[in-house]
Amino acid sequence: MTWDPVRLPSQRGRVVAVTGANAGLGFWTSFALARAGASVILACRNSQRADAAMRAIRARVPDAELSVLQLDTADLASVRSAGEHLAGLDRLDALVNNAGIVHPPLRRTETVDGLELITATNFFGAFALTAAALPALERTPGSRVVSLGSLATLLVSLRLDDLQLTRRYSGWQAYAQSKILLSSFGFELDRRLRERGSGIRSLVAHPGYSISGRTPHVPGVNEPSRGKRFVDGLQAPFTQGKNRGAEPVVRAVTDPDAGGGAFYGPRYGAKGPAVRAQPAAVTVDAGAAQAIWSEAEVATRTPFL
Ligand SMILES: NC(=O)c1ccc[n+]([C@@H]2O[C@H](COP(=O)([O-])OP(=O)(O)OC[C@H]3O[C@@H](n4cnc5c(N)ncnc54)[C@H](OP(=O)(O)O)[C@@H]3O)[C@@H](O)[C@H]2O)c1
């Protein structure tokens, strides 16, 4: 089916929570959903940045229904409190697990909970938040969980015996592996929900290669320097703006025909219109998914499904 990212099906009456909504893909996802009429919960760790994003969306969509939820995905106490809030909502049509660190530190770092920072921020937080929000998703017909994958999942091997990279750390391995973990979780979640006869769908979407220097200027949200715009412009043949990169995510949230377990991405891999895509084999490996799931339950102290 032809999919028009600008003329979305009306989202009026739907409630969607987007993590890391104050910048990048999370901002553009929130904007597109608010423009289509959804009530969007901007789940962010910094209230000033969240307010700036809210102002920027309202400048384009004056009647946007927006609220802010405090969430630091690298802090399990914060995840639990945000999850309790979501669980108590009358309805939750979609949870978008977008928040993530894309430029990891050179040295291995741990969170307040003693977990490796990138794995915790990009995966464990999403795992525990989804588990906590499940009651609200369960009572909302046709609800979805959409998790952010990446082309990086094709580029590293999963170290299943050392998910938190205690033995040998590199920032790149930590980032790419965290995207394998989150994608694997997204697909496994769908399998487990189906087994239980749940109506919730879980999907995975990736934005190709989306960079801020090719993204429209938005005060307080995206203000790249002239130098950054120049350098990013040189990469135009294989990159796109984050406004375009959000399209597969928005499609996964809003396309009525998008089934559970689907994977969306740009047509040409790094860029292009949102289409069904082929996930990396490791992300759909059921054996690996079960091991990852068990480790996430232990790390977050969250029994889930
Ligand atoms: N851009 C790409 O080409 C690309 C490719 C593949 C996958 N992705 C995925 O897409 C997602 C967004 O990437 P992006 O390019 O939009 O990155 P971005 O512009 O750096 O935005 C990341 C967002 O995540 C938030 N965040 C980071 N750590 C957080 C924490 N501990 N708690 C709550 N929020 C946190 C950031 O908040 P602050 O502003 O407070 O830091 C920000 O809102 C990530 O999951 C990334 O892995 C991106």
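The structure places CD1 of I200 at 10.0 Å from OG1 of T130, a figure rounded to the nearest 0.5 Å. Here the straight-line distance linking atom CD1 of I57 with atom CG of L42 works out to 5.0 Å at 0.5 Å rounding. Atom CD of Q11 sits about 5.5 Å away from atom OG1 of T254, to the nearest 0.5 Å. Note that CZ of R194 and CZ of R191 are 10.0 Å apart. Values are rounded to the nearest 0.5 Å.
Listed by first and then second residue, the salt bridge (Lys or Arg N to Asp or Glu O under 4.0 Å) pairs involving residues 259-282 amount to none (not counting sequence neighbours). A salt bridge (Lys or Arg N to Asp or Glu O under 4.0 Å) check over residues 232-241, counting only residues at least two apart or in different chains, returns the pairs K228-D232. A salt bridge (Lys or Arg N to Asp or Glu O under 4.0 Å) check over residues 92-117, counting only residues at least two apart or in different chains, returns the pairs R14-D93, R91-D93, R108-E110. Sorted by first and then second residue, the salt bridge (Lys or Arg N to Asp or Glu O under 4.0 Å) pairs involving residues 143-167 (not counting sequence neighbours) are D161-R167.
Taking every heavy atom of both residues into account, K242 and T215 meet most closely at N-OG1, 2.8 Å. Contact detail for L155 and L151: the closest heavy-atom pair is CG-O, 3.9 Å. Here the closest non-hydrogen pair linking L182 and L148 is CD2-O, 3.3 Å. Counting all heavy atoms, side chain and backbone alike, A174 lies closest to Y169 at CB-CE1, 3.7 Å.
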Could you go step by step and tell me if F230 and R226 meet the side chain to side chain contact (heavy atoms under 4.5 Å, CB included) rule?
CA-CA 6 Å; F230 176 74; R226 286 174 63 149; over 6 Å; no
What's the verdict on side chain to side chain contact (heavy atoms under 4.5 Å, CB included) for L181 and L158, showing C-alpha distance, side-chain angles and the deciding distance?
CA-CA 9 Å; L181 303 181; L158 171 65; 3.9 Å; yes
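A cation-pi geometry, defined here as NZ or CZ lying under 6.0 Å from the six-membered ring centre and within 45° of its normal, holds between R192 and W293.
Between L76 and T302 there is no side-chain heavy-atom pair separated by less than 4.5 Å. At a threshold of 4.5 Å between non-hydrogen side-chain atoms, the residues P266 and Q240 count as touching.
A donor-acceptor pair shorter than 3.5 Å cannot be found between the side chains of D190 and S202.
Between W28 and F31, the two ring planes are perpendicular [angle over 60°; tilted spans 30° to 60°].
A salt bridge is defined here as a Lys NZ or Arg NE, NH1 or NH2 lying under 4.0 Å from an Asp or Glu carboxylate O, and R251 with E247 fails to meet this definition.
By the side-chain contact (heavy atoms from CB on, under 4.5 Å) test, T239 is found to be paired with Y209, I211, R214, Q235, residues two or more places apart in sequence or in another chain being considered.
F263 belongs to a hydrophobic cluster whose remaining members, ordered by chain and number, are F187, V204, V284; membership requires side-chain heavy atoms of ILVMFWY residues under 4.5 Å apart, directly or through intermediates.
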